[in-house]
Amino acid sequence: MASNPYTQLHRRLLQHYGPQQWWPADGPFEVMVGAVLTQNTAWGNVEKAIANLQAAGALAPEAILSLPEEALAALIRPSGYFNIKARRLRNLCQWYQQHGALAGLQQWETTSLRQALLGVNGVGPETADDILLYAFARPVFVIDSYTRRILSRLGVIQGDEGYESLRQQLEAAFEGDSQAVSIFNELHALIVMHAKEHCRKRPYCEGCPLRSDCVYGDQ
DNA sequence: ACCCAGGGTCATA
DNA sequence: TATGACCATGGG
């Protein structure tokens, strides 16, 4: 297996934090719901919203679609942007049902599935890739602001690359690796873990695997 | 009181 | 194509 800055980052983070076993959800559909709800939102708030949906028996596409949008919005209120996200959840559920739910969608090729997801209003690149990787186990790397930040700080990237460009760069680094899905799964999760559990609380991560490379905050 | 969080869309130039 | 406004709750 090739050694490059990305495989090294994966190794360093994995050794320090251990396997993350993402996505924190019960099944593919719940992954999809979480992917929409977590848009620009702290995960803790998403958990509350999902708990509300669960308690209301609304953690299924039919249930969500049968709910008045206003009622749906009320349930997901803790996750913020609740009016917009209620509409986005509905869009996603409609799309999901129209294409034969999980069984139907699983048969699509990754590229087609990605394009179709991006066609849903409210599903952008990152949300689509969350769903592809964590709900459909496709070898797609999720680029988020943390990834951009860390790679930029490590000097691996410029920082102003477009989403597609970055994604393909990351995926190329693991080209031919039969464990790509598993590695992409872990690396994205580890990057988020690293950002959440360590660097946000301290300017310099004491004992963190990125050491002095890891500087959060401005500049 | 301020800042940010596991983004995305839409209107404008 | 490239900015800017907007969406909104909750924790540090």
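Every heavy atom of this structure was used, including side-chain atoms; hydrogens, water molecules and symmetry mates were not.
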Nucleotide forming a Watson-Crick or wobble pair with dA13(B), both distances under 3.5 Å:
dT1(C)
Nearest whole angstrom, please: distance from the P of dG7(B) to the CH2 of W43(A).
12 Å
Judged by nearest nucleotide, the residue sitting upstream toward the 5' end of DNA chain B, H188(A) or V120(A), is H188(A)
Integer-rounded Å distance: dA5(B) P and Y146(A) OH:
5 Å
Nucleotide dG6(B), atom C1' - distance to CG of N45(A) in whole Å:
12 Å
Can you list the steps and then say if D130(A) with T127(A) is a side chain to side chain donor-acceptor pair (under 3.5 Å)?
CA-CA 5 Å; D130(A) 277 335; T127(A) 305; 5.3 Å; no
Give me the distance, rounded to whole Å, that separates dG10(C) from dG8(B) when you measure between the P atoms they each carry.
22 Å
Contact class for S79(A) vs. all strands (heavy atom < 4.0 Å): base, sugar-phosphate, or nothing?
nothing
Looking across every strand, which nucleic acid part, if any, lies under 4.0 Å from V36(A) by heavy atom: base, sugar-phosphate, or nothing?
nothing
Hey, does N83(A) reach any base, or is it just sugar-phosphate, or nothing, if we go heavy atoms under 4.0 Å?
sugar-phosphate
Determine: side-chain N/O of N40(A) to OP1/OP2 of dC4(B), distance under 4.0 Å, yes or no.
no
Within the structure, does a side-chain N or O atom of T41(A) lie under 4.0 Å from either OP1 or OP2 of dG6(B)?
no
Salt bridge between E171(A) and R138(A), side-chain N to carboxylate O under 4.0 Å?
no
Please work out whether the ring planes of H99(A) and W108(A) are parallel, tilted or perpendicular, with thresholds of 30° and 60°.
perpendicular
Rounded distance in Å - OH (Y81(A)) to P (dC6(C))
13 Å
Taking the same atom, C1', in dC7(C) and in dC4(B), what whole-Å distance lies between them?
15 Å
Going by modelled atom types, is there a donor-acceptor pair between the base of dG6(B) and the side chain of K196(A) at under 3.5 Å?
yes
Between dG6(B) and R149(A), is there an OP1 or OP2 to side-chain N/O distance shorter than 4.0 Å?
no
Please give, in whole Å, the distance from dT9(C) C1' to R77(A) CZ?
8 Å
Does N121(A) place a side-chain N or O at less than 4.0 Å from the phosphate oxygens OP1/OP2 of dC10(B)?
yes
Nearest-Å distance, CG (D144(A)) to P (dG8(B))?
10 Å
Transitively linked via ILVMFWY side-chain contacts under 4.5 Å: Y146(A) with L133(A)?
yes
For the side chain of I84(A), starting at C-beta, report the closest nucleotide among dC7(C), dG11(C), dT9(C).
dC7(C)
Distance in angstrom units between E47(A) CD and dG11(C) C1', rounded:
13 Å
Could you work out the separation of dT3(C) and dA5(B) based on their C1' atoms and round it to a whole Å?
22 Å
Note: D129(A)-R114(A) ion pair, threshold 4.0 Å (strictly below):
yes
Determine the interatomic distance between C1' on dG6(B) and the same-named atom on dG4(C); round to the nearest Å.
23 Å
Nearest-angstrom distance from the residue atom NZ of K85(A) to C1' of dC7(C):
9 Å
May I ask you to decide if E161(A)'s main-chain N or O and R148(A)'s side chain share a donor-acceptor pair within less than 3.5 Å?
yes
